[in-house]
Amino acid sequence: MSERQKKTFVITRFDPDTDEVPKTESYEIEVEPYWKILDAINYIKDEVDPSLSHRWSCRMAVCGSCGMMVNGEPRLTCKDRLSGYGDTIEISPLSNFPVIRDLVVEMDGFMDKFNQVKPWIIRAKELAAEDGPMRQSPEELEEFKQFSMCINCMLCYSACPVVANEPEFLGPAAIALGHRYNIDSRDEGAAERNEVFRGEGTVFSCSYANECSEVCPKNVDPAAAVNQAKFNAVIDWATGLVISRDGKE
Amino acid sequence: MEIESISHDIVIVGGGGAGLRAAIAVAEADPQLSIGMVSKVYPMRSHTVSAEGGAAAVAREDDNFEMHGFDTVKGSDFLGDQDVIQYFVQEAPKELALLEHWGCPWSRNEDGSVATRAFGGMSTKRTWYATDKVGFHMLHSLFQHSMRFEQIVRYDEQFVTKLLVEDGVVRGVASLNIRDGVLRIIRGRAVILATGGAGKIFPFTTNGNIKTGDGMSLAYRAGVPLKDMEFVQYHPTGLPGTGILITEAARGEGGYLRNKDEERFLVERDYGVGTKAELGPRDMISRAIIQEIEAGRGLEGAHGQYMNLDLTHLGEEKIQARIPMVRELSKLYIDVDPVEAPIPIRPVVHYMMGGIDTDIDGATSIRGLYAAGECASVSLNGANRLGSNSLTECLVFGARAGRCAVDFSRGIDEGSDANLRAQAEEEVARIEALRNKRSGNEKISRLREELNTTMESGCGVYREEGSMQASCETIDVIKQRLADVSLQDGSRVFNTELIAAMELANMVDCAEAVARCAVVRKESRGAHTRRDHPHRDDQNFLHHSLAYYEPGSPPRVGTKPVTLGKWEPEERKY
């Protein structure tokens, strides 16, 4: 069998029932070299301290539950190899979110942002099941596909300097999602979403730090989505202006 | 303190594929109805997200309902109900088209039509796919589409601890908010369970941490039998160690299974799959792998013996275009790039054919209580499910359960407030006692491990009387020991130890139903394979098993007739 190795995990703990402020607790455990960060946290939960609270499920980088700060960087912990770290590893809850307990953050605000961008197909006339599937060429699919790969792990919100200062900022994942529908050939709702994008605290608040795209564990490029969405929202507005002016003349 | 009570017309427990589809069906059936959707995780975390290969529905000119129907009946080893199967195959294309209208990014042919791929046990290409992240895309499309309906009120991260039943009619649920530890009554004139399977009763599974059989246990304890629980599907290709799923689409796209001599053993020897070879049904291929290993043709690895899944002949371009997740998972979790080297795999617990006994409407024996998706056994899958039928099942029967629940809810009153409150107060007392339980010699993680171990040794790919009996006895003891669990976490806020304790109790319920039904079925059919009874016995066992909860003792096991039809049972050979 593989050699086990000792590592120390310094984990941020907070229980609003008993704690005024967060504290840290250290756990020295033996780890397997092939483990991910999540494996170590699960081991601590099962074998050392069952009172530790964290979220996880699929352990295959698709459910998006287990985002945490690892040595100060937002990481998807089921994907993050232990072998890349030193003997002491600091684990804390995702930054830029209120903490509920230990490593669990409040995400209702994040979820509400999705609703704002109307992440569903909008069509003037809805189709019936009997109409069968619409046609979409592989090229049309390719246009939006990468922006449909977001697993809502929230790492990009943790990394975003704008979210840090302006919690109401719509943020990378929600903008990328709205943009994903805007450029889907089956959708006719871009005008509605562009109106949202032209509002306060959305695409024009982005400072182009590009941190979102760098931390994304699924190689989505939300920064590109924000950029394109901004451009489209302006063009859409300018076109509307020209049309309305033409109308008057 | 007064227990808060919230009322909706329809309450749905679970926010995965089946639960979301049911919610949308209710919203579409009557926009005036309010829907409460209770889930222990945010919907996009539901395990539907991990499904990879695709969803089956007739789409091509060379295909028809008759063929999809017969493939499914044969795949089920003739234990699927044929009325259910006929309805399923007819509805399947409509449901997948709806999902397309709702934005699912299905992979496409050059002409813009939806692409389909080959899958195990399917006689033609009828599995719709979105690369190999189909469950992920379906779940997110459903969830995002559901957001347009304001009448769907979500109760995320709330754990249902009990069905509130009065005089044989379900009136709502007792729901513990994980966030603040407060229990509420969520009332509904119909309740739909869509909580997924129970793969976590086994040690080596593709299933996520949340798959603890909660809905199965809720229904079972309320008096609804669990049906066909002995049929547990082993997926042939899981990564050794973690059990992470490598999709059947890898073989659908042309991958080979090889033993240590690099033989394609499914071609070299007769394992009943005929010319289908790697595209045989899952139960047969899992058995073939175990037999190859037992014959000394396995490869030796850190996590025991394994076989190789060889994709190297497919080439990088095809792998990247069709099955990118296979490559991603393989590189990330075992450091193998399938473009260059074969992927080590072994059979892994994947899916429960069994579940809450329902009729074709998703209705259970409790009035107003419905179930759909993996937690239910509507008897589409019988003794063995064909890959890519279950995502479609979530849609077809989620939608039907939703519509039927609406019909039921119109003719029913709200029930007695006092009775529900009394039941909820008992729940509060029970949960408070558990949360504050500091004495006791048992640890959750240890009991879970022992349950896992006994399920694997008694109810694995191959089974026999002695080891199954041993499992039954061990489960009985674990059930006793559950009462002696002590908790270290006394917090009300996001107490995952408390939730894990209740999940463990749910798992034990499911495990006992699996083991007890398995012992009684003295034949081999589909995924239930006994060394001591190696043949199918239609004379004595062409029926469903039902496990009825009995307080303080093992379940009573009964039977229910299979609905046959135009397809007569015949020898299952490919």
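Keep in mind that this is a model prediction, so the values were computed, not measured. Atoms considered below: every heavy atom in the structure, side chains included; atoms not considered: hydrogens, waters and symmetry mates. Convention: sequence-line order gives letters A, B, ...; per-chain numbering from 1.
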**Asked** Just how far is it from atom OG of Ser113(B) to atom CD of Gln136(A), taken to the nearest 0.5 Å?
**Response** 12.0 Å
**Message:** Test your reading of the model: is there a side-chain donor-acceptor pair from Arg45(B) to the backbone of Trp56(A), 3.5 Å cut-off?
**Reply:** no
**Message:** Pair Met60(A), Leu239(B) - check side chain to side chain contact (heavy atoms under 4.5 Å, CB included), show working.
**Reply:** CA-CA 11 Å; Met60(A) 54 188 278; Leu239(B) 295 181; over 6 Å; no
**Prompt:** Are Glu328(B) and Lys218(A) ion-paired here, with the side-chain N under 4.0 Å from a carboxylate O?
**Reply:** yes
**Prompt:** Given a strict heavy-atom distance threshold of 4.5 Å, which part of Leu329(B) is in contact with chain A: side chain, backbone, both, or neither?
**Reply:** side chain
**Message:** Between Thr242(B), Leu98(B), Asp111(B), Ile444(B), who has the most heavy-atom pairs with chain A when the cutoff is under 4.5 Å?
**Reply:** Asp111(B)
**Message:** For Asn42(A), which atoms come within 4.5 Å of any heavy atom of chain B: side chain, backbone, both, or neither?
**Reply:** neither
**Request:** Measure the shortest side-chain to side-chain distance between Val62(A) and Met325(B) over non-hydrogen atoms and say whether it is less than 4.5 angstrom.
**Result:** yes
**Nearest atoms (heavy-atom pairs only) where Ser53(A) meets Asp489(B)** = OG-OD2, 4.4 Å
**Prompt:** Which region of Lys36(A), side chain (C-beta onward) or backbone (N, CA, C, O), has a non-hydrogen atom less than 4.5 Å from a non-hydrogen atom of chain B, or is it both or neither?
**Reply:** side chain
**Asked** Within the side chain of Glu100(B), is there an N or O that forms a donor-acceptor pair under 3.5 Å with the backbone of Met134(A)?
**Response** yes
**Request:** Heavy atoms only, distances under 4.5 angstrom: which of His47(B), His140(B), His145(B), Lys211(B) has the most pairs with chain A? Name it, please.
**Result:** His140(B)
**Request:** Let me know if Pro93(B) has heavy atoms under 4.5 Å from chain A in its side chain, its backbone, both or neither.
**Result:** neither
**Prompt:** Crowded around Glu300(B) CD? As in, over 12 foreign heavy atoms under 6.0 Å?
**Reply:** yes
**Asked** In terms of heavy-atom proximity below 4.5 Å to chain B, should Val104(A) be classed as side chain, backbone, both, or neither?
**Response** side chain
**Asked** Looking at Asn207(B), Ile210(B), Val493(B), which makes the most heavy-atom pairs under 4.5 Å with chain A?
**Response** Val493(B)
**Asked** What distance do Tyr333(B) atom OH and Lys79(A) atom NZ have between them, rounded to the nearest 0.5 Å?
**Response** 8.0 Å
**Message:** Can you tell me which portion of Glu52(B) sits under 4.5 Å from chain A's heavy atoms? Options are side chain, backbone, both or neither.
**Reply:** side chain
**Complete:** Heavy-atom nearest pair, Tyr34(A) first then His303(B), reads OH-CE1, 3.6 Å
Name the atoms and distances for all side-chain donor-acceptor pairs under 3.5 Å in residues 142-151 of chain A, with sequence neighbours left out.
{"unit_1": "Gln146(A)", "atom_1": "OE1", "unit_2": "Asp221(A)", "atom_2": "N", "d": "2.9"}
{"unit_1": "Ser148(A)", "atom_1": "OG", "unit_2": "Lys145(A)", "atom_2": "O", "d": "2.7"}

**Asked** Under a 4.5 Å heavy-atom cut-off, does chain A meet the side chain of Val114(B), its backbone, both or neither?
**Response** side chain
**Message:** Check Glu192(A) with Arg148(B), please: is the shortest side-chain N to carboxylate O separation under 4.0 Å?
**Reply:** no
**Message:** Please classify the contact of Pro50(A) with chain B as side chain, backbone, both or neither, using a heavy-atom distance under 4.5 Å.
**Reply:** both
**Item:** Over all atoms of both residues, closest heavy-atom pair of Tyr181(A) and Trp102(B)
**Value:** OH-O, 4.2 Å
**Heavy-atom proximity to chain A below 4.5 Å, by part of Thr205(B)** = backbone
**Message:** Do the side chains of Arg108(B) and Glu140(A) get close enough for a salt bridge, i.e. N-O under 4.0 angstrom?
**Reply:** no
**Request:** With a 4.5 angstrom heavy-atom cut-off, could you sort out which part of Asp180(B) is near chain A: side chain, backbone, both or neither?
**Result:** neither
**Asked** For chain B, which of Ala128(A), Ser137(A), Gly64(A) has the most heavy-atom pairs under 4.5 Å?
**Response** Gly64(A)
**Asked** What distance do Asn209(B) atom CG and Ser65(A) atom OG have between them, rounded to the nearest 0.5 Å?
**Response** 9.0 Å
**Item:** Step-by-step side chain to side chain contact (heavy atoms under 4.5 Å, CB included) determination, Thr496(B) to His54(A)
**Value:** CA-CA 8 Å; Thr496(B) 49; His54(A) 66 296; 5.6 Å; no
**Message:** Under 4.0 Å between a side-chain nitrogen and a carboxylate oxygen: does that hold for Arg446(B) and Glu47(A)?
**Reply:** yes
**Prompt:** Roughly how far, to the nearest 0.5 Å, is CG of Asn495(B) from CZ of Arg101(A)?
**Reply:** 6.0 Å
**Request:** Give, as side chain, backbone, both or neither, the part of Asp15(A) having an atom under 4.5 angstrom from any heavy atom of chain B.
**Result:** side chain
**Asked** What residue in Asp108(A), Asp102(A), Asp49(A) has the most heavy-atom pairs under 4.5 Å with chain B?
**Response** Asp108(A)
**Asked** Looking only at atom types and distance, does a side-chain atom of Arg186(A) sit under 3.5 Å from a main-chain N or O of His101(B), one as donor and one as acceptor?
**Response** no
**Item:** Best-contacting candidate, Leu139(B), Asp335(B), Leu498(B), against chain A by heavy atom pairs under 4.5 angstrom
**Value:** Asp335(B)
**Prompt:** Given that the side chain runs from C-beta out, which part of Leu141(A) has a heavy atom under 4.5 Å from chain B: side chain, backbone, both or neither?
**Reply:** side chain
**Asked** Glu95(B) versus chain A, heavy atoms under 4.5 Å apart: side chain, backbone, both or neither?
**Response** neither
**Prompt:** Would one find more than 12 heavy atoms of other residues, nucleotides or ligands at under 6.0 Å from atom CZ of Arg492(B)?
**Reply:** no
**Asked** Considering only heavy atoms, which portion of Lys133(B) lies under 4.5 Å from any heavy atom of chain A: side chain, backbone, both, or neither?
**Response** side chain
**Distance, nearest 0.5 Å, that separates CZ of Phe494(B) from CG of Leu103(A)** = 11.0 Å
**Prompt:** For the side chain of Ser50(B) and the backbone of Cys58(A), is there at least one donor-acceptor N/O pair under 3.5 Å apart?
**Reply:** no
**Message:** With a 6.0 Å cut-off (strictly less than), is the heavy-atom count around CD of Glu168(A), excluding the residue itself, greater than 12?
**Reply:** no
**Request:** Below 4.5 Å from any heavy atom of chain B, which atoms of Arg180(A) appear? Answer side chain, backbone, both or neither.
**Result:** side chain
**Item:** Residues Asp46(A), Glu449(B); criterion side chain to side chain contact (heavy atoms under 4.5 Å, CB included); working and verdict
**Value:** CA-CA 11 Å; Asp46(A) 281 345; Glu449(B) 203 175 296; over 6 Å; no
**Item:** Euclidean distance, Gln144(B) CD relative to Phe114(A) CZ, rounded to 0.5 Å
**Value:** 7.5 Å
**Asked** Ion pair present between Glu497(B) and Lys45(A), side-chain N to carboxylate O less than 4.0 angstrom?
**Response** no
**Prompt:** Which one of Leu177(A), Asp187(A), Ile122(A) has the most heavy-atom pairs closer than 4.5 Å to chain B?
**Reply:** Leu177(A)
**Request:** Identify which part of Ala61(A) has an atom lying under 4.5 Å from any heavy atom of chain B, answering side chain, backbone, both or neither.
**Result:** both
**Toward chain A, the part of Thr206(B) with a non-hydrogen atom under 4.5 Å** = backbone
